[in-house]
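What follows is a short report on a single structure.
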2 protein chains.
Amino acid sequence: MHNILQQHNHQHCIDDALARARELCQRRQVKFTRIREQVLACVWANHQPVGAYTILEEIAKDSDRRPAPPTVYRALDFLLENGLVHRIASLNAFVGCKNPNHHHQGHFLICRQCRNAIELDTDVINSAINAAATQHGFAVEAPCVEVVGCCANCQELSDNE
Amino acid sequence: MHNILQQHNHQHCIDDALARARELCQRRQVKFTRIREQVLACVWANHQPVGAYTILEEIAKDSDRRPAPPTVYRALDFLLENGLVHRIASLNAFVGCKNPNHHHQGHFLICRQCRNAIELDTDVINSAINAAATQHGFAVEAPCVEVVGCCANCQELSDNE
DNA sequence: ACACTAATGCAATATTATAACATTTTATTC
DNA sequence: GAATAAAATGTTATAATATTGCATTAGTGT
């Protein structure tokens, strides 16, 4: 029930993300170029954070040309700036953002087993962080929350063994 | 007032950390070797997260021998396992832990300007994370919170300009 | 002393990310 | 539509971070 792969048609999920990105870029008058689209598609290929060099390999496989690292990183920078992807620092990896319109740093539950990353959309954590920060007179700019653990689906799977 | 450098005698702070580490290792029957002590001292040299290669350089400077990367990383692994240091994923850096006895993942406020990292000791953030995780049936193992922003002291400094 | 284990030394290399500069593509102005 | 400027991408090299695998040394228990 909590298995993200069962909750939705994933192709639909990828298509949606690309459509949202196209629309957003048009609205902001920035260019959604081929390489940016390829990188974003790759990031959305599943719900697992994906490394820059993996993206590079995937694109090489799909299109018979191998972009150099800077090309991929530049595309990722663009996508990050426009809130279309998040970077997971603890994994050196990137994952698609569900809600690119509202600028935010994502909060993630990352499953140690299946590697899926679930983006939280609560404000509770931010509130707690802000409260703690305020006590120290600290001005929050970019809160980064990456919670490693075991997702509901993988717990069930290991229970049934 | 909030400047961590004004709150305490830092040499005292380093000495304390080393003493705590020695005591903890003895109690756990694990070895607090020379290299581990050197690395920990280096991590506690100030309150700023420090990279593995910086540690390497510092030790090379202080002791006329240059440990190879694996040596430093192994010492860091040991210190991490024993809760004596935390790793700041978003900075690829390491920082001393204030309370190594109680096993925990630290929560940090990291100042963009002075680079100081303030370790929080509240449970509020963990509660918020656990609440959000529970809603997704997710079992939390290692919550990682790294908040980039501007510390009180640096805010004052830039106000006075 | 001997065997055993933990810790370290060491060389090579993997992985992630960026710098610097050339070229191409796209947009803008005349 | 040609000239120009700006943005994006290509290309080469290299920086920064981290690990693997194996040799050696130092402790520990018998």
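By convention in this document, chain letters (A, B, ...) are assigned in the order of the sequence lines, proteins followed by strands, and residues within each chain are numbered from 1. Worth knowing before you read on, the calculation uses all heavy atoms, side chains too, and leaves out hydrogens, waters and symmetry mates.
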*Is it the case that B/Asp159 and B/Gln155 place a side-chain donor and acceptor less than 3.5 Å from each other?*
no

*asked:* Rounded to whole Å, how long is the line connecting atom CG of B/Leu76 with atom C1' of C/dA7?
replied: 15 Å

*May I have the step-by-step check of side-chain hydrogen bond (donor to acceptor under 3.5 Å, both in side chains) for B/Arg87 and B/Asn92, ending in yes or no?*
CA-CA 7 Å; B/Arg87 181 167 190 275; B/Asn92 295 324; 3.2 Å; yes

*Round to a whole Å and report the spacing from NZ of A/Lys31 to P of D/dA6.*
13 Å

*Relative to each other, are the rings of A/His104 and A/His102 parallel, tilted or perpendicular (30° and 60° limits)?*
parallel

_So if I take every side-chain heavy atom of B/Arg65 and compare against D/dA8, C/dG9, D/dA18, which nucleotide ends up nearest?_
C/dG9

*Can you tell me the distance, in whole Å, between the CG atom of A/Asp77 and the P atom of D/dA8?*
12 Å

*Between P of C/dT26 and CZ of A/Arg36, the distance in whole Å*: 12 Å

*How does protein contact run along nucleotides 10-16 of chain C, one letter per nucleotide 5' to 3', with B for base contact, S for sugar-phosphate only, - for none, heavy atoms under 4.0 Å?*
BB----B

*asked:* Output the rounded distance in Å from CD (B/Gln29) to P (C/dA6).
replied: 14 Å

For residues 25-36 of chain B, tabulate all N or O donor-acceptor pairs below 3.5 Å that involve a side-chain atom, not counting sequence neighbours.
from	atom 1	to	atom 2	distance (Å)
B/Arg27	NE	B/Glu23	OE2	3.1
B/Arg27	NH2	B/Glu23	OE1	3.3
B/Arg27	NH2	B/Asn101	OD1	3.1
B/Arg28	NH1	B/Asn82	O	3.2
B/Arg28	NH1	B/Asn82	OD1	3.2
B/Arg36	NH1	B/Lys31	O	2.6

_Is A/Arg34 close enough to D/dT9 that one of its side-chain N or O atoms is under 4.0 Å from OP1 or OP2 there?_
no

*Show your working on side-chain hydrogen bond (donor to acceptor under 3.5 Å, both in side chains) between A/Asp121 and A/His107 and close with a plain yes or no.*
CA-CA 7 Å; A/Asp121 44 12; A/His107 299 166; over 6 Å; no

*Find which nucleotide of DNA chain C each of B/Val30 and A/Ala93 is nearest to by heavy atoms, and output the residue with the more 5' nucleotide.*
B/Val30

_Output the rounded distance in Å from CD1 (A/Ile35) to C1' (C/dT26)._
17 Å

*Are A/Phe94 and A/His86 near enough that their ring centres are under 6.0 Å apart?*
no

